[in-house]
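Note sheet for the following structure.
Atoms within a ligand are numbered from 1 in the order they appear, just like the ligands themselves. Values below: all heavy atoms of this structure, side chains included; hydrogens, waters and symmetry mates excluded. Predicted model, so just to flag it, every value in this text is computed and none were measured.
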Amino acid sequence: MQPKEQLLSLKPYKPGKPVEEVKRELGLEKIVKLASNENPYGCSKLAKDRIVAELASLQVYPDGYAAELREKLSGYLGVKQEQLIFGNGSDEVVQILCRAYLSPETNTVMAAPTFPQYRHNAVIEGAEIREVQLINGNHDLSAMLRAIDKQTKIVWLCNPNNPTGNYIPENDFVQFMKKVPSDVIVVSDEAYFEYVSASDYPETINYLVDFPNLVILRTFSKAHGLAALRIGYGIADSSIIQAIEPAREPFNTSRLAQAAAIGALDDEHFILECKQKNRDSLELFYTFCEKKGLLYYPSEANFILIDVQSDADSAFDYLMKKGYIVRSGSALGFPTMIRITVGEEEHNKEIIEHLEAYIGSLVERVN
Ligand SMILES: *Cc1c(COP(=O)(O)O)cnc(C)c1O
C-alpha cells in the first residue's frame with residue numbers, strides 16, 4: 001500500500017498550535033496570533049449580512065459556476081465572465097493549475113523562498129521543481145528566465161512575495177513577460193493585492209491581452225478577511241480558463257463563501273480603511289527596526305519579515321511566552337528572521353515592546 005513515491009518527500013501542512021492549547025500550557029490569559037496574515041479587523045458587515053441571508057438555503061448545493069459572484073466580479077474587475085475561475089481559496093486554484101499542466105515529464109520554475117503551495121502541488125504531480133533563490137528578498141527574474149526550457153509549463157511569481165513582502169515593479173514584470181515563451185504559463189499570485197501601495201506595482205489585468213499566457217490569482221482571504229470561508233479566484237484568457245475547468249471539483253466553493261464575497265465587493269470603504277491602518281502600522285515596525293539596526297524587508301503586504309539577529313525559533317518561543325504567536329523563519333527559509341502579521345495598533349505596539357526586550361536580552365547575553 002505505497003502511495004505515489006513523491007508523496008513520501010512531503011510533510012502535511014503543519015498548522016500552528018491552537019490558541020486555546022497555548023493559553024493553557026503557558027498559563028496565559030491573552031494570546032494574539034500574528035502568524036497567518038489574517039485581517040485583524042475581521043471582514044465587512046456587508047459580507048456578514050449576506051452570509052446571514054444565505055443561511056436559509058444551506059440544504060441546497062451551491063452554484064458550481066458561481067454565476068452571481070462571477071457576474072459581479074467580472075464587472076468589478078472589467079474582465080469577461082469567461083476569464084474567471086473560483087477556488088476553495090486561491091490555494092485550490094494553484095492545485096487546479098498544477099493538476100492541469102504538470103506531470104513527471106515537465107518542470108516548473110519558482111522563487112525560493114516563496115509561498116510553499118506551488119512547490120507542494122508540483123511535487124504531487126511529479127514535476128521537476130526549479131527553484132531560483134531570491135536576491136535581497138526579490139525574485140531573480142533573469143535567473144528565472146534562464147531556468148525555463150522546452151519542458152517548462154508554469155512559472156510562479158508571488159507578487160508581493162510571501163514571506164518577504166517585496167514586490168515586482170511593473171517594468172520588470174513587463175520585460176519578464178516579453179521574454180517568457182508564449183506557451184509557458186506565468187502565474188502572478190497577488191494574494192495581498194489590496195494592501196499594495198507602491199505606485200509602480202503592475203495592474204496585471206491590463207496585460208492579459210498582450211500576454212495570453214498570464215494567470216492572475218487573487219483571494220478574499222487576506223484584506224477581505226474571509227479566510228475561514230475559503231474563496232479565491234484566477235483571472236486569465238478565456239482559453240486557459242476553459243482548459244483548466246475540468247480539473248475543478250463541481251461544487252468547490254460554498255454558498256456562504258460566494259455570498260460573502262459578493263457582499264465584500266460592495267464595501268470598498270472597508271478595504272481602504274484596512275489598507276491605511278496596515279500602512280500606518282508597518283511604519284511603526286520600520287521605525288523600530290531602524291532604531292535597533294535590524295534588517296527587514298519593506299513590505300507591500302500585511303506582514304513584515306524582520307531579522308532578529310539570533311535563532312528564529314528562540315525569538316518565536318520568547319514571543320509566544322509573552323502571548324504573541326508569529327511565524328518563525330526557520331521553516332520559511334530565513335533561519336534568523338521572524339514573520340509578523342501586522343495586527344491591531346495596540347498589538348503592534350505591544351509586540352514591538354517585547355521584541356525590543358528580546359533584542360536587549362541578546363546584547364546582555366553577549367556581554
Ligand atoms: C495566503 C496566500 C494564499 C492563499 O490564500 P487562500 O486563502 O487559499 O485564498 C495564496 N498565495 C499567497 C502568496 C498567500 O500568502
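Under the 6.0 Å distance and 45° angle rule, R218 counts as a cation-pi partner of F193. Geometrically, K322 engages Y318 in a cation-pi contact defined by less than 6.0 Å to the ring centre and at most 45° from the axis. A cation-pi contact, defined as under 6.0 Å to the ring centre and within 45° of the axis, is absent between K45 and F270.
Under a 4.0 Å criterion applied to the non-hydrogen atoms of C158, ligand 1 contributes the atoms 13 (C). Applying the 4.0 Å criterion to heavy atoms of G89 picks out, from ligand 1, the atoms 6 (P), 8 (O), 9 (O). Atoms of ligand 1 lying under 4.0 Å from any heavy atom of R230, numbered from 1 in the order shown and given with element: 6 (P), 7 (O), 8 (O). Annotation for ligand 1: atoms under 4.0 Å from non-hydrogen atoms of Y192 are 1 (C), 14 (C), 15 (O).
Between V19 and K33 the shortest side-chain heavy-atom distance falls below 4.5 Å. Between I351 and V326, some side-chain heavy-atom pair lies under the 4.5 Å cut-off. Taking the side chain as every heavy atom from C-beta outward, S221 and L226 never approach each other to under 4.5 Å.
Summary of contacts: the protein heavy atom closest to atom 5 (O) of ligand 1 is S90 OG, 3.4 Å. Residue, atom and distance of the protein heavy atom nearest to atom 11 (N) of ligand 1 are D189 OD2, 2.6 Å. Nearest protein heavy-atom neighbour of atom 7 (O) of ligand 1: S221 OG, 2.6 Å.
Checked against a 3.5 angstrom limit, the closest N/O atoms of D91 and ligand 1 fall inside it. Backbone and side-chain nitrogen or oxygen atoms of N37 are examined, and none is located within less than 3.5 angstrom of a nitrogen or oxygen of ligand 1. In terms of polar-atom proximity, defined here as any N/O pair under 3.5 Å, N88 makes no such contact with ligand 1.
Across K222, E190, E38, heavy-atom proximity to atom 14 (C) of ligand 1 is greatest for K222.
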Steps toward salt bridge (charged side-chain N to carboxylate O under 4.0 Å, His left out) verdict (R24, E21): CA-CA 5 Å; R24 230 181 307 119; E21 196 179 316; 5.9 Å; no
Side-chain polar contacts of residues 85-101 - donor-acceptor pairs under 3.5 angstrom, sequence neighbours left out - could you list them?
| unit_1 | atom_1 | unit_2 | atom_2 | d |
| --- | --- | --- | --- | --- |
| E92 | OE1 | N88 | N | 2.7 |
| E92 | OE1 | N252 | ND2 | 2.8 |

